[in-house]
Amino acid sequence: MRINITSVMVDDQTKAQKFYTEVLGFVLKVDIPMGGEHRWLTVVSPEAQSGTELLLEPMGFAPARVFQKALFDAGIPLTSFGVEDCQAEYERMLKLGVVFRSKPTPMGPVTVAMFEDTCGNLIQMVQV
């Protein structure tokens, strides 16, 4: 068994696509209209383009909004992405206007930082 797709809930798929590709550096994998305003929209790591897809999932389910806001307000990241150099990514992303909740912080064998994804989520980046 393996993970093929995982998702992040987003309040605006177009805004999310721009942030996740232009700022974070993911690559568009699939963009299929699903009727109305929603799309099946996935991105992947440029280093693993046939690897796990990240679905930028529209907030079509009202309780999901409550859950997303509760996590955000409590300062809890929705997910975590691995990076080679947390400090370098932090500095690169700061120049692009990303809002960070925490600077790169060593925590035992890892270094972590947390940022806002502009779509209602907190995301943690981790350097192992």
Do [X] and [Y] belong together in a cluster built from hydrophobic side chains that touch within less than 4.5 Å?
| X | Y | result |
| --- | --- | --- |
| F81 | L28 | yes |
| I123 | M59 | yes |
| V27 | V8 | no |
| F61 | M9 | no |
| V83 | L96 | yes |

Q) Which residues pass the side-chain hydrogen bond (donor to acceptor under 3.5 Å, both in side chains) test with D12, sequence neighbours left out? A)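 Scan of D12 (side-chain hydrogen bond (donor to acceptor under 3.5 Å, both in side chains), adjacent residues dropped) gives none.
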Taking all atoms of both residues into account, what is the closest heavy-atom pair of [X] and [Y], and its distance?
| X | Y | answer |
| --- | --- | --- |
| A113 | S102 | CB-O, 3.5 Å |
| Q13 | E37 | OE1-O, 3.9 Å |
| H38 | P58 | CD2-CB, 3.4 Å |
| S50 | K29 | CA-NZ, 4.0 Å |

Q. Do R92 and V98 have side-chain heavy atoms sitting under 4.5 Å apart?
A.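 No, their side chains stay 4.5 Å or more apart.
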(Q) Using side-chain heavy atoms (C-beta onward) and a distance below 4.5 Å, is E89 in contact with Q127? (A) no
Q) Side chains of E91 and Q87: is there a donor and an acceptor less than 3.5 Å apart? A) yes
Q: Answer yes or no: are there more than 12 heavy-atom neighbours, outside K18 itself, under 6.0 Å from its atom NZ?
A: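 Atom NZ in K18 is not crowded, with 12 or fewer foreign heavy atoms closer than 6.0 Å.
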Q.
Tell me whether the count of non-hydrogen atoms from other residues, nucleotides or ligands lying under 6.0 Å of CD1 in I32 goes above 12.
A. yes
Q: On the 0 to 90° scale, with breaks at 30° and 60°, tag the F100-Y90 ring pair as parallel, tilted or perpendicular.
A: perpendicular
